[in-house]
Amino acid sequence: MSEKVKTEKEEVPHGVMEGKELTSHTVAYYFEDYYGETPIFITLNAEDGALLYGISSSGYLDLT
């Protein structure tokens, strides 16, 4: 498994904070499975570390 972190100011596209503009950290995890390397993206509020949303190849993840 490997991971990368990206920090940016964005309008939140999904979840409770949808539509608000925040600075966020997005962590991309890549892991090997039967079909190859699969990414999972988790986005956090950079100011307080609150979980904003997650996304995978199957769509947005319900992380609540």
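Below, each value reflects all heavy atoms present in this structure, side chains not excepted, and no hydrogens, waters or symmetry copies. The chain is numbered in sequence order, starting from 1.
Glu8 meets the salt bridge (charged side-chain N to carboxylate O under 4.0 Å, His left out) test with Lys6; sequence neighbours excluded. In this view, Phe41 satisfies the ring-ring contact (aromatic ring centres under 6.0 Å, His included) rule with no residue, not counting sequence neighbours.
Atoms OG1 and CD, on Thr23 and Glu10 in that order, are 9.0 Å from each other to the nearest 0.5 Å. To the nearest 0.5 Å, atom CD1 of residue Ile40 and atom OG of residue Ser58 are 7.0 Å apart. Here the CG atom belonging to Leu22 is positioned 11.5 Å from the CG atom belonging to Leu44, to the nearest 0.5 angstrom.
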Table please: side-chain donor-acceptor pairs of residues 11-18 below 3.5 Å, with sequence neighbours left out.
none

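Checked against Thr43 for a side-chain contact (heavy atoms from CB on, under 4.5 Å), the options Leu51, Ile55, Thr26 give a single hit: Thr26.
Between Leu52 and Ser24 there is a side-chain heavy-atom pair separated by less than 4.5 Å.
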